[in-house]
Amino acid sequence: MHDIRFIRESPGAFDAGLKKRGLAPLSAELLEIDRLRRAAISGSEGLQAKRKALSQQIGIAKRKGEPADAAMAEVASLEEALKKGEADAARLDEQLTHRLEVLPNLPLDDVPEGADEHDNVEIRRHGNQRNFSFPPKDHVALGEATGEMDFASAVRISGSRFVFLKAHLARLERALAQFMLDLHTTEGGYTEVNPPLLVRDNAAYGVGQLPKFAEDMFHTDNGYWLVPTAEVPLTNLVNDTVLDEAALPLRFTAFTPCFRSEAGAAGKDTRGLIRLHQFPKVELVSVTTPEQSAAEHERMTGQAEEVLKRLGLPFRTIVLCGGDMGPASRKTYDIEVWLPGQNAYREISSCSNCGDYQARRMGARYRPKEGKGTRFLHTLNGSALAVGRTLVAVLENYQNEDGSVTVPEALRSYMGGLQSIPAPAAKK
RNA sequence: GGACAGGUGGCCGAGCGGUUUAAGGCACACGCUUGGAAAGCGUGCGUGGUGUAACAGCCACCGCGGGUUCGAAUCCCGCCCUGUCCGCCA
């Protein structure tokens, strides 16, 4: 949600931000609605003030037992104009809100120009791609060979884009999640949270999922949304609140399943664990002052990268261009992990600084130590990491020629000391 | 699912047709007091909108939406939410 006052003061900057998003300028149009809106409000308020004054006179007169017919007649004569004025003001105000609430956040100055993912800019790489002495398999081939990654059963029971993980792979997923949570809570300073997975409209609206992305979420027939990411419940922990500055920053982490209908993704990434209707993810959410958010964004991205470093997985970090960012974000880093089976870097984390965009929608404010009143908070969210895709990366990067998979050092204590996930039994 | 009770500022809480301009308290800020602190005393302090160069002023907001009325936090209707008890249930 945008602040119309900002648009009033800096229409050029607003339009420039939209342009970076690949959108046409809108400030002139919005300001015209705003002009009409304010005129309507002024007119309406003038009449309201008149009515109020007259009503007070009537009250005083009646108290004294004097007649008040003249004043009552005058109020009655205002009736029609009052109704119209209030309706006009309400209609224009609503119109402006509807226009503003569907617009994306404005990119920060250091976000690169560009239309789509081709214009994203790589900012660093870490780790070396392994030299395989054999042709590496992809995770589906590895997982299905042992029967521990079972898509066939999932299709019968739930349909496409679901999976059963079994035995070592089920445990590996659990180990990954636990490893990540431990890292974030002990070294990262995040508070572990186990949130609800069903949320109300207002929570989905608060982070910007609604009204635009209703079709990307699952909805229950009694009105709940299944969370598409733990960002939704975690960020909404501060909705409708006024925090003390001393409490900031707040840092939350959660391991949850995420549910996405993938309505617009028919035919994309149909193979394997990459794009499912239900997938596990460890999420990070920070709530900060406006002054803290840029540094917190770097810190959060570093926290996500740390997971990959400890797992020994090669990755690169890119900054998304204006045209490729999610709507709530003002700056986003994606982290892409190297997948030998696909011979490509694939997204495994996305860390966004949302500025005050979500805070405005949620009503999330704080009281500054200095100065009066309240200010909107800044919110940030990032995956650290998408656990299913991390499992893919571990399988593909740590595979051996016989189909066994070496367990990364960092995970062994979570796997009961297991050194290696066994190769599939030889065919008889 | 059934019955009952409730939703008032950052928090607690009074008000239940017109001097409410939402009392009072807590918290917070500043000052006085003090060797320093606590306590005490004093002052300030809701949110949003509109308006202004900045003040001032004005309007709205007592869960949300309607209605009654010259006038609604207060009365009426609908909805949402919370709590308690009962039922069901891992």
Side-chain angles (χ1 to χ4, degrees), chain A residues 1-10 30-101 194 196-206 210-211 219-225 233 236-248 250 287 289 356 359-377:
Chain A
M1 179 69 91
H2 291 281
D3 183 1
I4 186 64
R5 275 174 299 191
F6 169 78
I7 301 172
R8 224 180 278 154
E9 282 158 23
S10 317
L30 294 170
L31 289 175
E32 176 60 12
I33 297 171
D34 183 47
R35 193 182 65 75
L36 295 170
R37 167 181 155 273
R38 288 198 286 164
I41 288 172
S42 286
S44 170
E45 286 188 352
L47 290 169
Q48 286 175 322
K50 215 176 220 174
R51 173 178 61 187
K52 202 169 167 182
L54 285 167
S55 290
Q56 248 153 26
Q57 284 176 28
I58 294 167
I60 292 165
K62 291 212 163 182
R63 205 165 258 270
K64 292 181 184 163
E66 292 167 3
D69 297 350
M72 285 176 72
E74 198 177 345
V75 175
S77 74
L78 297 175
E79 173 98 15
E80 203 173 319
L82 257 164
K83 276 214 163 116
K84 186 182 179 305
E86 283 175 26
D88 285 350
R91 182 175 48 78
L92 286 161
D93 197 56
E94 200 175 320
Q95 189 184 346
L96 187 63
T97 301
H98 283 325
R99 293 300 305 274
L100 292 176
E101 73 187 357
N194 201 343
L197 305 179
L198 300 178
V199 299
R200 294 190 181 146
D201 290 352
N202 69 319
Y205 177 86
L210 291 176
H219 194 241
T220 70
D221 60 11
N222 56 349
Y224 293 106
W225 300 96
N236 274 287
L237 278 172
V238 297
N239 76 7
D240 193 29
T241 57
V242 182
L243 299 172
D244 279 330
E245 180 172 352
L248 301 171
L250 295 175
V287 178
T289 66
D356 65 6
R360 259 173 215 290
R361 292 171 159 255
M362 292 190 297
R365 294 166 295 158
Y366 77 101
R367 216 175 277 287
K369 280 196 196 103
E370 312 278 323
K372 282 188 171 179
T374 59
R375 299 172 77 198
F376 286 110
L377 292 159

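Just so you know, these numbers use all the heavy atoms, side chains as well, and skip hydrogens, waters and symmetry mates. Sequence lines set the chain letters: A, B, ... in the order given, protein chains first and strands last, and positions in each chain run from 1.
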Taking every non-hydrogen atom, the tightest pair across A:Gly223 and A:Asp201: O-OD1, 4.2 Å
message: Looking at every heavy atom in both A:Arg375 and A:Pro368, which two are closest together, and how far apart are they?
response: CD-CG, 3.6 Å
query: Heavy atoms under 4.0 Å, any strand shown: does A:Leu54 hit a base, just sugar-phosphate, or nothing?
result: nothing
field: Candidates A:Arg5, A:Arg99, A:Arg8 - the one meeting salt bridge (Lys or Arg N to Asp or Glu O under 4.0 Å) with A:Asp34
entry: A:Arg8
field: Nearest-angstrom distance, C1' atom, B:rG46 to B:rG13
entry: 15 Å
- prompt: Side-chain N or O of A:Arg5 less than 4.0 angstrom from OP1 or OP2 on B:rG49?
  reply: yes
- request: Using the C1' atom on both, measure B:rA73 against B:rC61 and round to a whole Å.
  value: 10 Å
- prompt: Tell me: CZ of A:Arg51 to P of B:rG18, nearest whole Å?
  reply: 17 Å
- request: Could you measure between the two P atoms, the one in B:rG48 and the one in B:rU43, and give it in whole Å?
  value: 27 Å
query: Which sits closer to the 5' end of RNA chain B, A:Asp244 or A:Ser55, going by the nucleotide each is nearest to?
result: A:Ser55
- prompt: Side chain of A:Met72: nearest nucleotide among B:rC59, B:rG10, B:rC70?
  reply: B:rC70
message: For the CD atom on A:Glu86, are there more than 12 heavy atoms of other groups (residues, nucleotides or ligands in this structure) within a distance under 6.0 Å?
response: yes
task: Would you mind reading off the distance between A:Leu47 atom CG and B:rU50 atom C1', rounded to a whole angstrom?
output: 14 Å
field: Nearest-neighbour nucleotide for the A:Gln48 side chain, B:rA60, B:rC70, B:rU50 considered
entry: B:rA60
message: Between B:rU8 and B:rA22, how many Å separate the two C1' atoms, rounded to a whole number?
response: 8 Å
message: Would you measure the distance from the P atom in B:rC16 across to the matching atom in B:rU68 and give it in whole Å?
response: 25 Å
- request: For the pair A:Arg35 and A:Glu32, find out whether any cationic side-chain nitrogen is under 4.0 Å from an anionic carboxylate oxygen.
  value: yes
- prompt: Between B:rC70, B:rC59, B:rU21, which nucleotide has the shortest distance from any of its atoms to the side chain of A:Gln56?
  reply: B:rU21
Pairwise side-chain contact, A:Ile7 with A:Leu100, heavy-atom cut-off 4.5 Å (strictly under): yes
Partner residues of A:Asp93 under the side chain to side chain contact (heavy atoms under 4.5 Å, CB included) criterion, sequence neighbours left out: A:Arg37
- request: To the nearest Å, give me how far apart CD1 (A:Ile58) and P (B:rU19) are.
  value: 14 Å
message: Measuring from the side chain of A:Ala49 (C-beta onward, heavy atoms only), which nucleotide among B:rU82, B:rC59, B:rU50 has the closest atom?
response: B:rC59
- line: Regarding the side chain of A:Glu45, the nearest nucleotide among B:rU50, B:rC70, B:rG10 is B:rU50
message: Reading 5' to 3' and counting Watson-Crick or G-U wobble pairs with both distances under 3.5 Å, write the dot-bracket notation for RNA chain B, | for bases paired outside the strand.
response: ((((((((.[[[..)..(.....]]].(((((.......))))).(((((......))))).[[[[[..)....]]]]])))))))....
- request: Could you measure between the two C1' atoms, the one in B:rA90 and the one in B:rA5, and give it in whole Å?
  value: 29 Å
- prompt: From B:rC59, B:rC81, B:rC70, pick the nucleotide closest to the side chain of A:Arg200?
  reply: B:rC81
query: To the nearest Å, how far apart are A:Leu96 CG and B:rG49 P?
result: 12 Å
Interatomic distance where CZ belongs to A:Arg35 and P belongs to B:rG49 [whole Å]: 20 Å
- prompt: Which sits closer to the 5' end of RNA chain B, A:Ile4 or A:Gly46, going by the nucleotide each is nearest to?
  reply: A:Ile4
message: Using every non-hydrogen atom in the two residues, find where A:Pro233 and A:Pro196 come nearest and quote the distance to one decimal.
response: CG-O, 3.7 Å
field: For atom CD1 of A:Ile60 and atom C1' of B:rG17, their distance in whole Å
entry: 16 Å
- request: Nearest 0.5 Å please: distance from the NZ atom of A:Lys50 over to the CG atom of A:Leu78.
  value: 6.0 Å
message: In this structure, how many angstroms lie between the P atom of B:rG10 and the CG atom of A:Asp240, rounded?
response: 9 Å
- line: Regarding the side chain of A:Arg367, the nearest nucleotide among B:rC59, B:rG51, B:rU47 is B:rU47
message: Looking at B:rA60, I'd like to know if its phosphate oxygens (OP1 or OP2) sit under 4.0 Å from a side-chain N or O belonging to A:Lys52.
response: yes
message: At less than 4.0 Å, is any side-chain N or O atom of A:Arg37 found next to OP1 or OP2 of B:rU50? Yes or no.
response: yes
- prompt: Expressed in whole Å, how much space separates the C1' atoms belonging to B:rA14 and B:rG6?
  reply: 16 Å
query: Please give, in whole Å, the distance from B:rC64 C1' to A:Asp201 CG?
result: 14 Å
message: So, OP1 or OP2 of B:rG49: does either fall under 4.0 Å of a side-chain N or O from A:Arg38?
response: no
- prompt: Taking the same atom, P, in B:rG49 and in B:rC32, what whole-Å distance lies between them?
  reply: 36 Å
